[in-house]
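A short write-up of the structure that comes next.
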Amino acid sequence: MKEVDKIFNSFLKDSIFTNKFILQTHYIPETIHHREKEITQLASIIAPALRMEKISNLFLYGKTGTGKTLSILYLRDQLLNKSKQQNKSLTIEYINCKLKKVADTEYRILSELIRKLGGNVPSTGLPTDSVYTKFIELLESRPQVFIIILDEIDHIVQKISDNFLYNLTRLNSELNKAQISIIGISNDLTFLDNLDPRVKSSLSEEEVVFSPYNAVQLQDILRERSKKAFKSGVISEGVIEKCAAYAAREHGDARRALDLLRISGEIAERDRDKKIVIEHIDKANEKMERDKILDIVETEPKQFQLTLLAIINLIDSKKYDKIFTGEVYEHYQQLCQKISFETLTQRRVGDIIAEFDMLGIINAKVVSKGRYGRMREIKLAVNQNIIEKIKKILYDSLNLN
DNA sequence: AGGTATTCACATGAAACTATTCTCTGAGTTAGG
DNA sequence: TAACTCAGAGAATAGTTTCATGTGAATACCTGT
């Protein structure tokens, strides 16, 4: 027990972090660098809310990790502070539409909103229109400005048509005392184009575009945050630059840069190193990549896992690194029999293979072998040591051996 | 030799089926007046 | 009597199967020199 204590103590004492939370993505710093232009633009759009006027519906878009959510949440806090001083009734709710089971249907979003307004919806459900009336009643209970931030708004549209958004934008005409506005956030740049024109025009009364950070800007951000997150002198020369460079390669994703730095720190800590060096970043990068893939593999349904296992086994047992659809299906059938699982049709397995291709775990391209048919040529797209881990996960999850 | 035609082994699409999950209804329960 | 609960009916959805059609190029088969 003494040993354990020692380890814990040394961890406490030698931690290279002072506050790891600062590197996390939910953290909102007091100042946001290199987004001044966007923030002032946003501020002038939403400022009328302080005078209890309806603000224009607003639409933000830009790639992931460009600070959209961060900026709007920052402004929300500022605005709420101000309005509290002024004693104005202003509510801003943030909903992430991507979260499954919370906000991925019209009904769920509404009931979530109602809950946030202080009402409640029975868990067994109500008709959608009565949820609407309830929502409206709650809004009308007192004069107020209500702003809804819908993050990843593209998700709801592809799941539940744009009717919902249309209804929301139309809601104002039914309200007397309250005002409602919508702020949509999306990282799909083409999202607006395949929207119903009526919705499009009312939703994007104002638009703000967030462009990616470049490497220099990323460096500033990282430096600023690492000053508070790490003890001084922990980061060696070139580390920040390298993190920024990695992330800049991925369309300037600041979230990724921060994750990279944080994980590098964790790795350094685990290795009992006092400093973060460049090698740690490489390790972190690899780890992130690996974790992402392993996570996908683990959460995939059994039939998908079986298909993947069939592919991996086949490639293992053969000398070549490419195999074809037919072989995969044959081996897949054998596997199914072995663990007495029902086999899917070849049609479906073909689709599953295509999905793994999309996920980037395998490379599958359609080739024609002339007289000998047309099929997908399949290769693994990840390196050997990850494959070993994938195999382990698959064997575990399928109870093989 | 050069040009079609055929053929293979799936790919790709659409419609139909099914098992889950959601949404909604109306009866029963609670509680406020 | 209005408001809430809740089980179960009915609708919507995701995952599959069935049926049908499409594809690219190696090979087979002509054709005329």
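Only heavy atoms go into these numbers, but all of them, side chains included; no hydrogens, no water, no symmetry mates.
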Quiz prompt | Qualifying residues under side chain to side chain donor-acceptor pair (under 3.5 Å), relative to N285(A), sequence neighbours excluded | solution = R256(A)
Self-check item: Nucleotide dG15(C), atom P - distance to CG of L306(A) in whole Å
Solution: 17 Å
Self-check item: Note: K242(A)-D282(A) ion pair, threshold 4.0 Å (strictly below)
Solution: yes
Quiz item: Atom CD of E300(A) to atom P of dA14(C): distance rounded to whole Å?
Solution: 16 Å
Quiz item: Roughly how many Å is it from CD in Q346(A) to C1' in dT12(B), rounded to a whole number?
Solution: 13 Å
Quiz prompt | Any F59(A) side-chain heavy atom under 4.5 Å of I183(A) side chain | solution = no
Exercise. Using a cut-off of strictly less than 4.0 Å between a heavy atom of the residue and any atom of DNA chain C, enumerate the qualifying residues of residues 322-331 of chain A by number.
Key: none
Quiz item: Near DNA chain B, under 4.0 Å by heavy atom, which residues of residues 347-375 of chain A?
Solution: R347(A), V366(A), G370(A), R371(A), Y372(A), G373(A), R374(A), M375(A)
Exercise. Would you check if the distance from the ring center of F17(A) to the ring center of F230(A) is below 6.0 Å?
Key: yes
Exercise. For the residue pair H251(A) and T66(A), confirm or rule out a side-chain donor-acceptor distance under 3.5 Å.
Key: no
Practice problem: Would you mind reading off the distance between Q303(A) atom CD and dG15(C) atom C1', rounded to a whole angstrom? | Solution: 11 Å
Exercise. Say whether, by atom type as modelled, one donor and one acceptor occur between the side chain of D357(A) and the main chain of A364(A) under 3.5 angstrom.
Key: yes
Exercise. Count the heavy atoms of every other residue, nucleotide or ligand shown that sit under 6.0 Å from NZ of K228(A), and state whether that count exceeds 12.
Key: yes
Quiz item: Within a reach of under 6.0 Å around NZ of K54(A), are more than 12 heavy atoms found that belong to other residues, nucleotides or ligands?
Solution: yes
Quiz item: What's the CZ-P distance between R376(A) and dG24(C), to the nearest Å?
Solution: 14 Å
